[in-house]
A.B. asks: 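Got a structure for you, written out below as structure tokens; questions coming shortly.
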Amino acid sequence: MVQGSSYICSLVQSLRSASFPSKLANYSGYTSRAASNSLRHPSTYSDDEYADVDWDKLGFGLTPTDYMYVMRCSKDDNFKEGRLSRYANIEISPSAGVLNYGQASTPFPLISPNISLQEKKKNMETEDGRILLFRPDQNATRMMHGAERMCMPSPSIQQFVDAVKETVFANKRWIPPPGKGSLYVRPLLVGTGPILGLAPAPEYTFLVYASPVRNYFKDGTAPLNLYIDEEFVRASPGGAGGVKTITNYAPVLKAIARAKDRGFSDVLYLDAVNRKYLEEVSSCNIFIVKGNRISTPALSGTILQGITRKSILEIARDHGYQVEERAIPVDDLGDADEVFCTGTAVGVAPVGSITHRNRRIEFKTEGSLVCKELYSTLVGLQTGRIEDNKGWTVEIH
């Protein structure tokens, strides 16, 4: 399983030598180690030329690439044309809205991860050499939804998609070789303007950067072992738990750290009101399987509407499964045949066990698995191995 932000891009070898957008001509800025002073124009790299990376040791960590995309606007204006620049640190006021009041949205999937409105995307390899974006319009829409909730202007869907395309193409040599990982693309929308009182920032920055990654979890593709921690909740009714904002992530770090210290992969959270219904894992949605029925918690304002979640629900219906979105009592875990998680970074990951109140419940992880069947179709669509009759993929020309 290839795991790893918010879109899925597939490597198309034929585009490694294609002409590059002219917007790169005037790039400037301090560069990272990856983008050193000897950085060449992307169009000068040969079809088979990759970045200097030990792909066999690639994990889910930041590997700075060559370029990032930047676009700015004021509070009462619309985003206009952005530009590519070398990947570098950004300068921000100590009184920036994001630093003082957490005004940022993250379609994390953006990618996730995060100080802003983010969307995640992942680049995966195709066998016929095309670069594909997976459901970019849905990721853009999710960013717009998060921006509205956080009182932020947002790029249009077309601006979002174009920015991702330029970023991926500029960093095409960082797309891992087939079977070695993915290029994770993370868009961010951040309140960068200075503000002292509690109010929307006067200026906003939209950023897109990328990093090659491999498996999200430390144990790679091994089944996850989750822990239900009843002391912490991820989101409450009326809050911002249903949109991608930075406020959704820092509060769960303590719960995750405690679970990992106990040998678990991650935390499965219950609802904040009754403490009895499943909600989601720290960075992904949860599904349970019983016979031909696949269930996932209904979207109620406290659960993120993941693009992978949405895609798996549709694929499951296509495969003839009975799909339901409902309130799922924690006790239903005892009757489940399979449990799995979905997310941009995670992909589709089987769950081996869930521990609740010192009771360990184990699930099927070998043989013919529903999650593997659905994931195989998802990856086939993302990588072009299966014909896309749904209009989910967008090719970068």
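Remember, it's a predicted structure, so these values are computed and weren't measured experimentally.
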A.B. asks: Say you draw a straight line from CE of Met144 to CG of Asn139; how long is it, rounded to the nearest 0.5 Å?
C.D. replies: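 That separation rounds to 13.0 Å.
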A.B. asks: Restricting to non-hydrogen atoms, name the atom on Ala272 and the atom on Pro237 that form the minimum distance, rounded to 0.1 Å.
C.D. replies: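 The pair with the smallest heavy-atom distance is CB-CD, 4.4 Å.
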A.B. asks: State whether the side chain of Asn171 and the backbone N or O of Tyr67 hold a donor-acceptor pair below 3.5 Å, judged by distance alone.
C.D. replies: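 Checked: pair present.
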A.B. asks: So how far is it from Asp388 CG to Leu132 CG, rounded to the nearest 0.5 Å?
C.D. replies: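 Going from CG on Asp388 over to CG on Leu132, the span is 8.5 Å.
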A.B. asks: Cation-pi between Lys372 and Tyr375: NZ/CZ under 6.0 Å from ring centre and within 45° of the ring axis?
C.D. replies: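 Output no; distance or angle outside limits.
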A.B. asks: State plainly whether one hydrophobic cluster holds both Ile303 and Tyr269, where clusters connect Ile, Leu, Val, Met, Phe, Trp and Tyr through side-chain heavy atoms under 4.5 angstrom apart.
C.D. replies: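 No, because Ile303 and Tyr269 fall into different hydrophobic clusters, even though each may have its own neighbours under 4.5 Å.
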A.B. asks: When hydrophobic residues are tied together by side-chain contacts of less than 4.5 Å, even through go-betweens, does Leu268 share a cluster with Phe363?
C.D. replies: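 Linked, Leu268 and Phe363 end up in one cluster.
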A.B. asks: Could you tell me whether the side chain of Ser353 and the main chain of Ile361 form a donor-acceptor pair under 3.5 Å?
C.D. replies: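 No, Ser353 side chain to Ile361 backbone: no donor-acceptor pair under 3.5 Å.
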A.B. asks: For Tyr227, which residues count as a ring-ring contact (aromatic ring centres under 6.0 Å, His included) partner, sequence neighbours excluded?
C.D. replies: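 Per chain and number, Tyr227 pairs via ring-ring contact (aromatic ring centres under 6.0 Å, His included) with Phe264.
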A.B. asks: With side chains defined as the heavy atoms from C-beta onward, is the minimum distance between Leu226 and Cys341 less than 4.5 Å?
C.D. replies: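 Side-chain contact under 4.5 Å: yes.
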A.B. asks: Has the side chain of Gln159 got a donor or acceptor atom that lies under 3.5 Å from a matching backbone atom of Phe79?
C.D. replies: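 Such a contact is found between Gln159 side chain and Phe79 backbone.
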A.B. asks: Mark yes or no for whether Glu166, through its side chain, and Leu84, through its backbone, hold a donor-acceptor pair below 3.5 Å.
C.D. replies: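 A pair under 3.5 Å: no.
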A.B. asks: For residues 294-327, which residue pairs qualify under ring-ring contact (aromatic ring centres under 6.0 Å, His included), counting only residues two or more places apart or in two chains?
C.D. replies: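 Pairs touching residues 294-327 that pass the test: none.
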A.B. asks: Does atom CZ (Arg258) have a neighbourhood of more than 12 heavy atoms from anything else shown, all under 6.0 Å?
C.D. replies: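 Enclosed.
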A.B. asks: Listed by chain and number, what are the ring-ring contact (aromatic ring centres under 6.0 Å, His included) partners of Phe287, not counting sequence neighbours?
C.D. replies: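 Applying ring-ring contact (aromatic ring centres under 6.0 Å, His included) to Phe287 gives Phe340.
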A.B. asks: Salt bridge (Lys or Arg N to Asp or Glu O under 4.0 Å): which pairs involve residues 189-198, sequence neighbours left out?
C.D. replies: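 Checked against salt bridge (Lys or Arg N to Asp or Glu O under 4.0 Å) - neighbours excluded - no pair reaches residues 189-198.
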A.B. asks: Given a cutoff of under 4.5 Å between side-chain heavy atoms of I, L, V, M, F, W and Y, with clusters grown through shared members, what are the other residues clustered with Leu198?
C.D. replies: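 Via sub-4.5 Å side-chain contacts, Leu198 links to Tyr101, Ile195.
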A.B. asks: So which residues get pulled into Leu369's cluster when ILVMFWY side chains under 4.5 Å apart are joined, directly or through others?
C.D. replies: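 So far as hydrophobic clustering goes, Leu369 is joined with none.
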A.B. asks: Under 4.5 Å between any side-chain heavy atoms of Thr342 and Cys284, yes or no?
C.D. replies: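 Not touching, per the 4.5 Å side-chain cut-off.
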A.B. asks: Measuring from atom OG of Ser154 to atom CZ of Phe206, what distance do you get when rounded to the nearest 0.5 angstrom?
C.D. replies: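 Here the rounded value is 7.5 Å.
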A.B. asks: I would like to know whether Asp56 and Lys180 meet side-chain contact (heavy atoms from CB on, under 4.5 Å); could you show each step before the answer?
C.D. replies: CA-CA 7 Å; Asp56 291 326; Lys180 299 296 185 179; 2.5 Å; yes
A.B. asks: Check whether any side-chain heavy atom of Ile92 sits under 4.5 Å from a side-chain heavy atom of Val98, and report yes or no.
C.D. replies: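 Answer yes - side chains close enough.
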A.B. asks: According to salt bridge (Lys or Arg N to Asp or Glu O under 4.0 Å), does anything in residues 360-369 pair up with another residue at least two apart or in another chain? List the pairs.
C.D. replies: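 Qualifying pairs: Arg360-Glu362.
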A.B. asks: Any link between Val273 and Leu304 through a network of hydrophobic side chains (Ile, Leu, Val, Met, Phe, Trp, Tyr) touching at under 4.5 Å?
C.D. replies: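 Each belongs to a different hydrophobic cluster.
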A.B. asks: Would you check, one step at a time, whether the test side-chain contact (heavy atoms from CB on, under 4.5 Å) holds for Arg72 with Thr192?
C.D. replies: CA-CA 9 Å; Arg72 296 184 174 87; Thr192 46; 5.5 Å; no
A.B. asks: We want to know whether Ser311 and Arg135 form a side-chain donor-acceptor pair, criterion being a heavy-atom distance below 3.5 angstrom.
C.D. replies: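 Yes - a donor-acceptor pair under 3.5 Å links their side chains.
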A.B. asks: Quick one: hydrophobic cluster around Leu196, which other residues, with the 4.5 Å side-chain cut-off, linked directly or via members?
C.D. replies: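 Grouped by the 4.5 Å side-chain rule, Leu196 forms a cluster of one, so the answer is none.
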A.B. asks: Is there side-chain contact between His356 and Val330, with heavy atoms separated by less than 4.5 Å?
C.D. replies: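 Answer yes - side chains close enough.
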A.B. asks: NZ of Lys80: more than 12 outside heavy atoms within 6.0 angstrom?
C.D. replies: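 Enclosed.
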A.B. asks: Would you mind reporting whether Val161 and Lys165 have side-chain heavy atoms less than 4.5 Å apart?
C.D. replies: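 They are in contact (side-chain heavy atoms under 4.5 Å apart), so the answer is yes.
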A.B. asks: Hey, could you give me each pair passing salt bridge (Lys or Arg N to Asp or Glu O under 4.0 Å) that has a residue in residues 267-283? Not counting sequence neighbours.
C.D. replies: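 Applying salt bridge (Lys or Arg N to Asp or Glu O under 4.0 Å) to every pair that reaches into residues 267-283, excluding sequence neighbours, yields Arg234-Glu280.
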A.B. asks: Can you tell me how far apart CD1 (Ile228) and CG (Leu278) are? Round to the nearest 0.5 Å.
C.D. replies: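 Here the rounded value is 6.0 Å.
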A.B. asks: With side chains defined as the heavy atoms from C-beta onward, is the minimum distance between Asp337 and Val370 less than 4.5 Å?
C.D. replies: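 In short, these two side chains do not touch, never coming nearer than 4.5 Å.
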A.B. asks: Decide, yes or no, whether a salt bridge links Asp229 with Arg262 under the criterion of side-chain N to carboxylate O below 4.0 Å.
C.D. replies: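 Arg262 and Asp229: not salt-bridged.
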A.B. asks: I'd like to know whether Val190 forms a side-chain contact (heavy atoms from CB on, under 4.5 Å) with Ile90, so could you lay out the CA-CA distance, the side-chain angles of the two residues, the decisive distance to 0.1 Å, and finally the verdict.
C.D. replies: CA-CA 12 Å; Val190 189; Ile90 61 173; over 6 Å; no
A.B. asks: Using a 3.5 Å distance criterion without hydrogens, assess whether the side chain of Arg317 forms a donor-acceptor pair with backbone atoms of Val323.
C.D. replies: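 Pair absent, no side-chain N/O of Arg317 close to backbone of Val323.
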A.B. asks: Could you list all the ring-ring contact (aromatic ring centres under 6.0 Å, His included) pairs where at least one residue sits in residues 291-313, not counting sequence neighbours?
C.D. replies: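 Not a single pair qualifies under ring-ring contact (aromatic ring centres under 6.0 Å, His included).
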A.B. asks: Decide, yes or no, whether a salt bridge links Lys290 with Asp332 under the criterion of side-chain N to carboxylate O below 4.0 Å.
C.D. replies: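 Salt bridge flag = no for Asp332 with Lys290.
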A.B. asks: Less than 4.5 Å apart, any side-chain heavy atom of Pro200 and any of Met152?
C.D. replies: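 SC-SC contact between Pro200 and Met152 ruled out.
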A.B. asks: Do the side chain of Thr65 and the main chain of Ala210 share a donor and acceptor less than 3.5 angstrom apart?
C.D. replies: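 Looks like yes, one N/O pair under 3.5 Å.
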A.B. asks: Would Leu133 and Ile157 show up in the same hydrophobic cluster when neighbours are defined by side-chain heavy atoms closer than 4.5 Å?
C.D. replies: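 Yes.
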A.B. asks: Who clusters with Val233? Use side-chain heavy atoms, under 4.5 angstrom, across I, L, V, M, F, W and Y, and order the result by chain and number.
C.D. replies: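 Grouped by the 4.5 Å side-chain rule, Val233 forms a cluster of one, so the answer is none.
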A.B. asks: Are the side chains of Arg214 and Phe60 in contact, using a 4.5 Å heavy-atom criterion?
C.D. replies: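 Not touching, per the 4.5 Å side-chain cut-off.
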A.B. asks: Should Ile312 and Trp392 be regarded as members of a common hydrophobic cluster, given that ILVMFWY residues are connected when their side-chain heavy atoms come within less than 4.5 Å of each other, either directly or indirectly?
C.D. replies: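 Yes, one cluster joins them.
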A.B. asks: Any luck finding a side-chain donor-acceptor pair between Gln103 and Tyr204 under 3.5 Å?
C.D. replies: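 A donor-acceptor contact under 3.5 Å links the two side chains.
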A.B. asks: Starting at OG1 of Thr308, measure out to CG of Asn285 and round the result to the nearest 0.5 Å.
C.D. replies: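 Reported to 0.5 Å precision, the distance equals 8.5 Å.
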A.B. asks: Which heavy atom of Pro212 sits nearest a heavy atom of Trp55, and at what distance?
C.D. replies: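 Scanning both residues, the minimum pair turns out to be CB-CZ3, 3.8 Å.
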A.B. asks: Could you tell me the separation between the CG atom of Leu253 and the CZ atom of Phe232, rounded to the nearest 0.5 Å?
C.D. replies: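 If we round to the nearest 0.5 Å, Leu253:CG and Phe232:CZ are 10.5 Å apart.
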A.B. asks: Going through the checks in order, is the side-chain contact (heavy atoms from CB on, under 4.5 Å) test met by Val267 and Val252?
C.D. replies: CA-CA 9 Å; Val267 177; Val252 304; over 6 Å; no
A.B. asks: Can you pull the salt bridge (Lys or Arg N to Asp or Glu O under 4.0 Å) pairs that have at least one residue in residues 299-310, sequence neighbours excluded?
C.D. replies: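 Sorted pair list: Arg309-Glu325.
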